[in-house]
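Atoms within each ligand, like the ligands themselves, are counted from 1 in listed order.
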Amino acid sequence: MNITMKNDLAVNGGTKTVTKSFTWPVFDESDVQAVTQVAQSGQWGNPDCGGLVEKFEKEFATYCGSKYAIACVNGSVSLRLALIASGVRPGDEVIVPPYSFIATASTVIEANCVPVFVDIEPDTYNLDPSKIEAAITSRTRAIIPVHFAGQACDMDRIMEIAKKHNLFVVEDAAHGHGGEYKGKKLGSIGHAGSFSFQSSKNLNSGEGGLVITNDETLYNLMNSLRNVGRVKGGQWYEHHYAGCNYRITQFQAALLSRQLTRLEAQTKLRDENGKYLNTLLEPIEGITPLTRGHGETLHTYHLYIFKYDKTKFNGLPKKEFSEMLAAEGVPSFMGYPKPIYEQPLFQKKNFMCYAIPDYVDYSDVHCPVAEHACYEEAIWILQHAMLGTKEDMNQFVEAIKKIKRAV
Ligand SMILES: Cc1ncc(COP(=O)(O)O)c(C=O)c1O
């Protein structure tokens with residue numbers, strides 16, 4: 001460890017490498033006007049799922065090249081709506097990756113089903129298609145591939161396996177708005193595609209979610225489920241399914257329509273910056289960007305992820321490296337502390353009223369790639385920083401090099 005250089009690190013009181021502050025969300029007077037107009041209209045709610053909500057649903061479905069969209073309160077409920085509408089039954093198994101936000105698996109529990117964890121690929125951190133078939137049993141009904149960080153999963157292989165075993169595929173595209181796989185928008189390839197509009201997401205209305213599909217029956221069922229079981233043409237107090245009020249407000253829809261007009265340009269900018277960062281980081285020993293070239297034609301970089309190897313940083317643990325990088329002013333984070341199956345929900349079987357069979361036990365589950373990503377390897381740069389300039393990207397790399405020189 002070089003003492004002078006160590007003292008220069010921002011974490012030790014030295015000057016930050018990156019002084020610019022990166023803001024999110026991006027908005028202007030037109031967003032403010034759109035929300036103001038809703039306030040002035042007095043039509044704040046959305047009892048019929050029409051108005052601005054229906055307008056946004058049509059815009060988003062068209063943008064994704066899908067027939068139908070159902071907006072709902074968040075990207076967890078959207079996953080659950082798709083699962084429930086797919087016809088799963090209590091105790092059915094659903095294949096999920098362990099390196100994701102908890103909702104990818106907890107919504108499976110909330111659908112009375114059993115999440116089965118299949119490890120991720122070491123070079124993309126996406127569900128590893130080569131490991132899926134070994135996890136399929138007579139109870140398997142669905143797969144939830146997560147386009148993690150906005151990088152497309154290997155959808156050709158996943159859809160092929162799903163077809164062979166008659167499985168329902170819900171793409172978890174919570175990170176994937178605007179991203180593409182072989183020219184197709186993420187979310188539009190499986191039987192349903194789920195999105196989140198929570199405040200950190202690349203398309204954001206504070207909270208919100210949405211499911212797209214081309215299947216009319218699925219659409220009608222999800223539409224009913226998000227609106228307390230009402231059906232088209234039915235009476236107000238006529239309820240056909242065990243749904244709930246999962247509707248979004250006109251305020252959210254107005255914002256989303258405005259935000260959607262910026263999405264394509266923002267996604268292309270992040271994609272360009274991501275490719276540029278890859279070229280800058282690849283030569284640095286101990287830093288390996290995740291691999292592209294698995295079919296993603298547009299990467300959303302909801303997160304820019306690189307793999308950190310402490311052995312090339314004088315044994316500096318990932319957590320400390322991550323804190324140093326953030327202190328240097330790079331909007332970055334060490335990511336998930338553990339794979340989903342290690343959360344108390346699974347280890348303590350805190351399944352409460354959900355109909356999870358007694359034999360289900362996660363104490364022996366191990367997905368070594370996901371574990372390595374959590375404990376040793378993954379560093380995330382956040383999406384709003386990926387909207388910066390090339391000079392900003394150069395500075396992120398400078399910050400990494402500064403740490404490397406100091407340790
Ligand atoms: C991969 C993934 N799936 C689902 C969700 C759930 O979205 P929400 O927070 O809108 O419920 C998130 C949210 O962070 C996510 O990252």
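Considering only heavy atoms from C-beta on, Ile189 stays 4.5 Å or farther from Lys182 through its side chain.
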With a cut-off of 3.5 Å and sequence neighbours excluded, list every side-chain donor-acceptor pair involving residues 64-74.
| unit_1 | atom_1 | unit_2 | atom_2 | d |
| --- | --- | --- | --- | --- |
| Asn74 | OD1 | Ser76 | N | 2.9 |
| Asn74 | OD1 | Val77 | N | 2.7 |

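Taking a heavy-atom cut-off of under 4.0 Å, ligand 1 is surrounded by Asn74, Gly75, Ser76, Ser100, Phe101, Ala103, Thr104, Val146, Asp172, Ala174, His175, Ser196, Gln198, Lys201, Gly208.
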Derivation of the side-chain hydrogen bond (donor to acceptor under 3.5 Å, both in side chains) call for Gln259 and Ser205: CA-CA 8 Å; Gln259 293 284 315; Ser205 54; over 6 Å; no
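Note on Glu171 versus Lys185: no salt bridge recorded, every NZ/NE/NH1/NH2 to OD/OE distance being 4.0 Å or above. By the 4.0 Å N-to-carboxylate-O rule, Lys164 lies too far from Glu160 to be salt-bridged with it.
Panel note: side chain Lys318, backbone Met334; a donor-acceptor pair is recorded below 3.5 Å.
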